[in-house]
There are 2 protein chains.
Amino acid sequence: MPKTKEVEPLAAEVWRILFDFIVATRDQRIRALARYALTPNDSRALFALDAEGRTMRSLAQEWECDASNATFIVDRLEARGLVRRRSSEQDRRVKLVVLTARGTKTRLAVAEEMYRPPPELTALGRRDLETLLGAVQKLPAR
Amino acid sequence: MPKTKEVEPLAAEVWRILFDFIVATRDQRIRALARYALTPNDSRALFALDAEGRTMRSLAQEWECDASNATFIVDRLEARGLVRRRSSEQDRRVKLVVLTARGTKTRLAVAEEMYRPPPELTALGRRDLETLLGAVQKLPAR
DNA sequence: TATTGTTATACTCTATAACTATA
DNA sequence: TATAGTTATAGAGTATAACAATA
């Protein structure tokens, strides 16, 4: 029997615990977003943007939604001053959506909230966290 | 300086990697649900139910939604034969929502999908997974 | 003629308010 | 009179189709 066969149930057990943990801590993250008056979808939108600009078309593709919905999503962020549309100079049909200074600030604040470790994780203590870090660092960064 | 102060950045680094991994693998899970024609919300609803029965009121509370929305959500599942409403015999105002045989089967199949470890995790191999397991098993089960 | 983005419209999911039936 | 659940209705988020501007 090849070794990979034996690894599956082990990976499944680790994943089960991690997945349950993610689900259990989900509400905390949603409430953190709500403090910024953002929905999970707003947050996702914010993280697709940068200061360089993304076309509406590419955003709709990333969000896997209709172009008309991307218009709606960007409209909302623009109404709040988090993003700005500017026309491309190469192709005047195209619009580039860029984060405003305020959008960048909000995005940073949200990242900080999302990356704040749940207390249950911190409670594991130094030794286990060092062990965990060594292992998870081998996960492919995407 | 107390030890817990030093642990925070370590926990933050572990969490950052885990959180990114969860986000990166999210689409796979949503697509798995779509193969059962379920939205993430349907899935959440399914996992709140069992064979014993839950009142509409308690479901609305767990889902943090209005009672009328719980009616809508349960209606959809019922139309697909995944759940069934029956009246309580103690209090005839109350309705108990129970999983049907089909609902139980679907719930099980979905659990299997959600708990299937992402390939990147399995790829870590036996040694790292054993290490991971030892650490994550100390997370409080909820 | 094809492509980018928006607008008009309709459908789904959600909440609020009014209602029915029990208690 | 109060409570459990549903129905009527309206608002938010989504898609489809028609459109305007540009290539």
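Letters A, B, ... are given to chains in the order of the sequence lines, protein chains preceding strands, and every chain is numbered from 1.
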Once you round it to whole Å, what is the distance between P of dG5(C) and CD of E78(A)?
->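 After rounding, the gap between these two atoms is 13 Å.
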Using whole Å, report how far CE of M56(B) lies from P of dT22(C).
->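 Checked: the CE to P distance equals 17 Å.
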Heavy atoms, side chains only, cut-off 4.5 Å: are L38(A) and T106(A) in contact?
->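 Yes, at least one pair of side-chain atoms sits under 4.5 Å.
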Are the charged groups of D50(A) and R54(A) less than 4.0 angstrom apart, N to O?
->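 The answer is no: the pair does not qualify as a salt bridge.
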Electrostatic pair R126(A):E130(A) at N-O distance under 4.0 angstrom =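 Looking at R126(A) and E130(A), the cut-off is met.
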Counting only N and O atoms by type, is there a donor-acceptor contact under 3.5 Å from the side chain of R80(B) to the main-chain atoms of A37(B)?
->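 Flag set: sc R80(B) to bb A37(B) pair under 3.5 Å.
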Donor-acceptor contact present, side-chain R57(A) to main-chain V94(A), <3.5 Å |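 Judged by distance alone, no pair lies under 3.5 Å.
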Hey, does R92(B) reach any base, or is it just sugar-phosphate, or nothing, if we go heavy atoms under 4.0 Å?
->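 The answer is sugar-phosphate, as R92(B) gets under 4.0 Å only of primed atoms, P, OP1 or OP2.
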Check whether any side-chain nitrogen or oxygen of R93(B) sits under 4.0 Å from OP1 or OP2 of dA21(C), and answer yes or no.
->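 The answer is no; no side-chain N or O of R93(B) sits under 4.0 Å from OP1 or OP2.
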Interface limits on DNA chain D, where chain B has a heavy atom under 4.0 Å of a nucleotide atom =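 First-to-last contact on DNA chain D, by the 4.0 Å heavy-atom rule, is dA2(D) to dT7(D).
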With sequence neighbours excluded, residues passing ring pair (Phe, Tyr, Trp, His ring centres under 6.0 Å) with Y115(B) |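 With sequence neighbours excluded, Y115(B) shows a ring pair (Phe, Tyr, Trp, His ring centres under 6.0 Å) to F19(A), given in chain and number order.
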Consider the side chain of T55(A), meaning its heavy atoms from C-beta on, and name the nucleotide among dT6(C), dA2(C), dG5(C) that approaches it most closely.
->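 Of the candidates, dG5(C) comes closest.
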May I ask you to check whether T39(A) and N41(A) show a side-chain donor-acceptor distance below 3.5 Å?
->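 Looking only at side-chain atoms, N41(A) and T39(A) do not form any donor-acceptor pair under 3.5 Å.
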Between T71(B) and D42(A), which has a closest nucleotide on DNA chain D that is more 5'?
->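 Its nearest nucleotide being more 5', the pick is T71(B).
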Measure all distances between protein nitrogen or oxygen atoms and nitrogen or oxygen atoms of nucleotides 9-16 of chain C, and list the pairs falling under 3.5 Å.
{"residue": "dT14(C)", "atom": "OP2", "partner": "N41(B)", "partner atom": "ND2", "Å": "3.4"}
{"residue": "dT14(C)", "atom": "O5'", "partner": "N69(B)", "partner atom": "ND2", "Å": "3.1"}
{"residue": "dA15(C)", "atom": "OP2", "partner": "D66(B)", "partner atom": "N", "Å": "3.0"}
{"residue": "dA15(C)", "atom": "OP2", "partner": "N69(B)", "partner atom": "ND2", "Å": "3.0"}
{"residue": "dA15(C)", "atom": "N7", "partner": "S68(B)", "partner atom": "OG", "Å": "3.4"}
{"residue": "dT16(C)", "atom": "O4", "partner": "S68(B)", "partner atom": "OG", "Å": "2.7"}

Honestly curious: do M114(A) and F21(B) fall in one hydrophobic cluster under the side-chain, below-4.5 Å linking rule?
->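 Shared cluster, yes.
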